[in-house]
Amino acid sequence: METIKTALFETLMESAVPDGDNGYIFTLEGKTYRIRDTLEISKIAQDHGYIIIY
């Protein structure tokens with residue numbers, strides 16, 4: 001049976017921490033990303049197999 005992963009966009013946004021250089025540090029499933037725009041979070045989560053709930 002396949003597992004379906006879902007995530008609330010707002011919850012993912014809360015985990016993005018400002019990096020002090022006009023960007024953010026975002027960690028998902030133990031992998032850390034440096035992003036410039038929080039909208040990148042959706043793409044990252046989808047790449048990890050998540051269905052995003054807005």
Side-chain angles (χ1 to χ4, degrees):
M1 187 162 127
E2 185 178 343
T3 301
I4 297 173
K5 300 186 287 186
T6 60
L8 291 172
F9 181 72
E10 291 175 3
T11 302
L12 294 171
M13 289 282 295
E14 290 173 2
S15 65
V17 179
D19 68 1
D21 192 26
N22 296 322
Y24 299 88
I25 297 172
F26 175 68
T27 302
L28 183 63
E29 296 182 341
K31 189 164 181 185
T32 301
Y33 300 88
R34 288 190 166 281
I35 58 175
R36 287 285 172 207
D37 188 336
T38 54
L39 294 177
E40 294 176 61
I41 291 172
S42 293
K43 172 75 169 98
I44 293 168
Q46 289 171 351
D47 289 347
H48 279 261
Y50 283 86
I51 296 171
I52 310 302
I53 301 168
Y54 294 93

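FYI, the numbering just counts along the sequence from 1. Computed over heavy atoms, backbone and side chain alike; hydrogens, waters and symmetry mates excluded.
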query = With Glu40, which residues qualify under side chain to side chain contact (heavy atoms under 4.5 Å, CB included), at least two apart?
reply =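 Partners of Glu40 by the side chain to side chain contact (heavy atoms under 4.5 Å, CB included) criterion, ordered by chain and then number, come out as Ile35, Arg36, Asp37.
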message = Checking Leu28 now: which residues fulfil side chain to side chain contact (heavy atoms under 4.5 Å, CB included) with it, not counting sequence neighbours?
response =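 Per chain and number, Leu28 pairs via side chain to side chain contact (heavy atoms under 4.5 Å, CB included) with Leu12, Phe26, Ile44, Ala45, His48, Tyr50.
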query = Does NZ in Lys43 sit with more than 12 non-hydrogen atoms of other residues, nucleotides or ligands closer than 6.0 Å?
reply =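 No.
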key: Glu10 atom CD: more than 12 heavy-atom contacts under 6.0 Å   =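 No, the 6.0 Å shell around CD holds no more than 12 heavy atoms from other groups.
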ask   = Does some side-chain heavy atom of Ile52 sit less than 4.5 Å from a side-chain heavy atom of Tyr54?
value =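 Answer yes - side chains close enough.
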ask   = Say you draw a straight line from OG of Ser42 to CG of Asp47; how long is it, rounded to the nearest 0.5 Å?
value =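 Answer for the OG-CG pair, Ser42 versus Asp47, is 10.5 Å.
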key: Whichever hydrophobic residues join Ile53 through chains of side-chain contacts under 4.5 Å   =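 Other cluster members: Leu8.
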inquiry  = Give me the atom names and distance for the closest heavy-atom approach of Ala16 to Ile41.
reply    =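 Heavy atoms only, the tightest pair is CB-CD1, 3.8 Å.
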message = Assigning hydrophobic clusters by single linkage (Ile, Leu, Val, Met, Phe, Trp, Tyr; side-chain heavy-atom cutoff under 4.5 Å), is Met13 placed with Leu39?
response =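 In one cluster with Met13: Leu39, yes.
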inquiry  = Using the rule given for side chain to side chain contact (heavy atoms under 4.5 Å, CB included), can you reason through Ile25 versus Arg34, listing the C-alpha separation, both sets of side-chain angles and the distance that settles it, and then say yes or no?
reply    = CA-CA 5 Å; Ile25 297 172; Arg34 288 190 166 281; 3.8 Å; yes
